[in-house]
Amino acid sequence: MQIPIESPQNKLICDFVKNCIDLSKKHMKHRYPKWEKCEKMDKSFIDVTETTSRGKKKNPFETRVYIPMSRALKDTILTYWMTVFAGKRPIFGIHGRGPEDVRPAKINEIVLDYQAERQRMLLTLYNFCNDVLKNGLGSIKNVFSREYRDVFVNEQQQVMFPFPHMVSNRVQKRVLAYEGPVFTNNDPYSYFPDPRVPLSQVRNGQFIGYEYGRSHFYLKKMEAAGIYRNIDPLKTMAGENHDVLGESEKDARNNAMGISSAVRIGGETIDQGNPYHTIKELWAEIIPRDLQLSESTTPEKWIFATVGDRVCIRADKSSYLHGQFPDVSAINDYDAYSLFTPSFYESVEGLQDLLNWMYNSHMDNVRGFLNNTLVMDPTALELKDVLKPGPRRVIRLKKALWKKGVPIDSVLKQLNVHDVTRSHINDAQLIMDTMSRQAHASDSLQGVQTEIKRTATEIAKMHSSGANHLAMGASLIYAQALIPLAEMSVMNNQQFLSEERYYRISGDYAKDIIQGDPNYPGTPAIKANPEDIQGMFDFPIDDGRLPVRPEDNAEVWMKILETAASVPPLQQRVDFFNVFREAARALGVKNIDDFEIKTQVVPDEQIEGMMAAGDVVPVDGTGGQQMPEAA
């Protein structure tokens, strides 16, 4: 919808967008100091310029050490989650609600798996899970989009001169390269949900806002696509619409560590015709008549975008039939009632600070011992020799002293320094063990060999116990964000997907019920169109357990083989080579079938002739003769 800049409606919309985002920012900014501390913990950062309340530097000379135990535990949890989420294909499971929906459900799995791969979903998931652990909040924006690309194709054209004939011309043509969901991570510092509902329920709020910087050229391209309006007047007010992202709170995480800040809006540029603008985007449920958009009094979801709180460049009714905001989010330490929840780093912050202090206090004590604190008689020694730095020093006695034969140790002695922090290293180990328990990340999950020698069964039980805790966290992430993300993407595909194309078949169950197109060589694939993905579906929540690795079951298969070989009733009912094949594959041997002895079935008539000639005998060795009965 085109909103004239001079109209009262433009000011009405700009004020509404600003008020919503300011309301959210007023509450979100209370988290920024904690997020800055969490960012430093994530980077194992030591600020040598930090001062006390009296203005004295905390670390003026000594090198301080940060023990990155919290980072190691966070990475362990993150690795577990990523293995659960991205370690199987397809990533999202979809079940048909009725018998007629089973095949469309599996086709949707295949389509969504392709789109996730095409959008580098692995990177989006990694950043999302990292935000959940680091800041206590992660979110992904999901909108449907189309991408076009220019290609060259050969077209046949009829030419009449000198006689009618066909010629091939190489022409440039614009084709649809991709259509589907676009997944984008939201920077927590630029993410503004409705603070009147808990973060676990942000989709039930009245609005979700975003703030980001974009170039004038980008806005012009979006205007050409029919999304933004009123772009040309922005160039004349480029110097006025500074919300200057480079100077906002979100750059504190980088500025504190000496890292270059984000691009400063309206700042450095190589082209005055391409200034940067701060865009405030708001998805809100409104009464259209209140903002003079229509006469409707029914609540509707609309999309607004403004620049500099003065120009409305977008005001459109949401066209998504799923009726939700295009956003999914998840929080750490799930709580359905609190606006904010602590991040993982906040849960171990006290232990991490104590661990750093214990190690550094021990190093301070050792450093004091190594500094050669001396007690001396300045009248008996040359003072400048004692104060001279460096090894192999020569300390001269004064002439009057050595003539009298005074013992050297009576005028120069090193001061004994007792190491009162000797036990700190052992205490630090205890703190690290406590942090591991807090994170439910055992040594086996971290890939660390235990100090006490344990059996494989004991290690497996410890690994399973720790994995159960992490599996619960992964299931909560599924329920909070990934299932809504899959459901939203499927509904968008059903509504907007327009192209018929080939998709590679992924997933064993899909391969069982969907036959690959014989016209597609190589990898099994299916040709699907928008009608093939229609239906009603259910989206099961994953149990959060790690995908089973074949090598984990190698020992089990070997024990099955040994047991079956030693029990006579099982010998008659177990296919030993198939069991051995599974054990070999679990151990990493993929071509065990190449070593199988191939047997050939000989017709009965041929066997009888060979027996008559004496070339073969029965397995009992009787040569076909009846053995005499025992007396």
Side-chain angles (χ1 to χ4, degrees), residues 1-29 139 141 143 184 186-187 189-195 202 205-250 262-267 274-294 300-320 325-327:
M1 177 181 292
Q2 181 75 35
I3 307 294
I5 297 179
E6 299 82 7
S7 66
Q9 186 183 18
N10 177 79
K11 186 177 186 309
L12 191 64
I13 293 175
C14 289
D15 289 344
F16 173 72
V17 172
K18 182 179 184 301
N19 291 338
C20 289
I21 291 183
D22 285 350
L23 173 64
S24 179
K25 189 178 295 187
K26 181 176 68 174
H27 293 78
M28 296 292 288
K29 70 179 183 180
S139 62
K141 187 178 181 182
V143 296
T184 308
N186 296 318
D187 185 345
Y189 286 87
S190 300
Y191 179 64
F192 302 106
D194 190 342
V202 292
Q206 185 187 348
F207 66 86
I208 293 180
Y210 312 91
E211 189 175 270
Y212 48 86
R214 292 292 185 269
S215 71
H216 193 80
F217 289 172
Y218 172 84
L219 300 188
K220 288 294 292 182
K221 287 189 289 186
M222 296 291 282
E223 184 181 39
I227 298 177
Y228 289 163
R229 297 99 179 170
N230 298 330
I231 302 304
D232 287 337
L234 297 179
K235 195 179 275 190
T236 60
M237 53 179 290
E240 304 174 13
N241 56 11
H242 288 187
D243 286 341
V244 191
L245 299 181
E247 296 175 357
S248 64
E249 294 90 341
K250 77 176 191 176
V263 175
R264 296 181 181 274
I265 307 305
N274 186 29
Y276 268 68
H277 306 282
T278 299
I279 300 173
K280 291 182 178 178
E281 182 179 315
L282 188 76
W283 295 67
E285 189 170 38
I286 62 167
I287 301 294
R289 191 171 66 177
D290 293 344
L291 296 179
Q292 302 177 6
L293 297 169
S294 72
E300 298 174 352
K301 285 187 169 60
W302 279 66
I303 314 160
F304 302 102
T306 65
V307 174
D309 297 331
R310 292 176 51 190
V311 179
C312 176
I313 61 174
R314 185 178 187 185
D316 296 316
K317 182 181 177 181
S318 175
S319 59
Y320 293 104
F325 295 127
D327 182 276

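Everything quoted here is computed from the prediction, not taken from an experiment. In this chain, numbering begins with 1 at the start of the sequence shown.
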Of the non-hydrogen atoms in [X] and [Y], which two are nearest, and what is the gap between them?
{"X": "I231", "Y": "I313", "answer": "CD1-CG2, 4.0 Å"}
{"X": "G209", "Y": "L282", "answer": "CA-CD1, 3.9 Å"}
{"X": "V202", "Y": "P193", "answer": "CG1-CB, 3.8 Å"}
{"X": "F325", "Y": "W283", "answer": "CE2-O, 3.3 Å"}
{"X": "K317", "Y": "W302", "answer": "N-CE3, 3.5 Å"}
{"X": "S7", "Y": "P4", "answer": "OG-O, 2.7 Å"}

### Query
With under 30° as parallel and over 60° as perpendicular, where do the rings of F304 and F16 fit, or are they tilted in between?
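Rings of F304 and F16: perpendicular, over 60°.
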First locate atom [atom1] of [X], then atom [atom2] of [Y], and finally report the distance between them rounded to the nearest 0.5 Å.
{"X": "K280", "Y": "C20", "atom1": "NZ", "atom2": "SG", "result": "11.0 Å"}
{"X": "N19", "Y": "S24", "atom1": "CG", "atom2": "OG", "result": "12.5 Å"}
{"X": "Y276", "Y": "L219", "atom1": "OH", "atom2": "CG", "result": "10.0 Å"}
{"X": "R229", "Y": "C312", "atom1": "CZ", "atom2": "SG", "result": "8.5 Å"}
{"X": "I208", "Y": "N186", "atom1": "CD1", "atom2": "CG", "result": "8.5 Å"}
{"X": "K25", "Y": "H27", "atom1": "NZ", "atom2": "NE2", "result": "14.0 Å"}

Student check: side-chain heavy atoms of [X] and [Y] closer than 4.5 Å:
{"X": "P195", "Y": "L23", "result": "yes"}
{"X": "P233", "Y": "I5", "result": "yes"}
{"X": "Q9", "Y": "L293", "result": "yes"}
{"X": "Y210", "Y": "Y191", "result": "yes"}
{"X": "F207", "Y": "I21", "result": "no"}

Set of ring-ring contact (aromatic ring centres under 6.0 Å, His included) partners for Y228, sequence neighbours left out
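ring-ring contact (aromatic ring centres under 6.0 Å, His included) list for Y228, sorted by chain: empty.
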Fill in: From CA spacing to verdict: salt bridge (Lys or Arg N to Asp or Glu O under 4.0 Å), R214, E281
CA-CA 12 Å; R214 292 292 185 269; E281 182 179 315; over 6 Å; no
task: Just do the side chain to side chain contact (heavy atoms under 4.5 Å, CB included) check on M222 and R314 with the steps written out, would you?
output: CA-CA 10 Å; M222 296 291 282; R314 185 178 187 185; over 6 Å; no
- Has the side chain of D316 got a donor or acceptor atom that lies under 3.5 Å from a matching backbone atom of M1?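 Flag set: sc D316 to bb M1 pair under 3.5 Å.
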*Run the side chain to side chain donor-acceptor pair (under 3.5 Å) check on N230 and E223 step by step: do they pass?*
CA-CA 8 Å; N230 298 330; E223 184 181 39; over 6 Å; no
| task | Output, in order, the C-alpha distance, side-chain angles, deciding distance and verdict of side chain to side chain contact (heavy atoms under 4.5 Å, CB included) for T306 and R310. | result | CA-CA 7 Å; T306 65; R310 292 176 51 190; over 6 Å; no
**Prompt:** Is the NZ atom of K301 crowded by more than 12 outside heavy atoms at less than 6.0 Å?
**Reply:**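 Buried by this count: over 12 neighbours within 6.0 Å.
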| task | Go through E285 and E300 one step at a time and tell me if the side chain to side chain contact (heavy atoms under 4.5 Å, CB included) criterion holds. | result | CA-CA 5 Å; E285 189 170 38; E300 298 174 352; over 6 Å; no
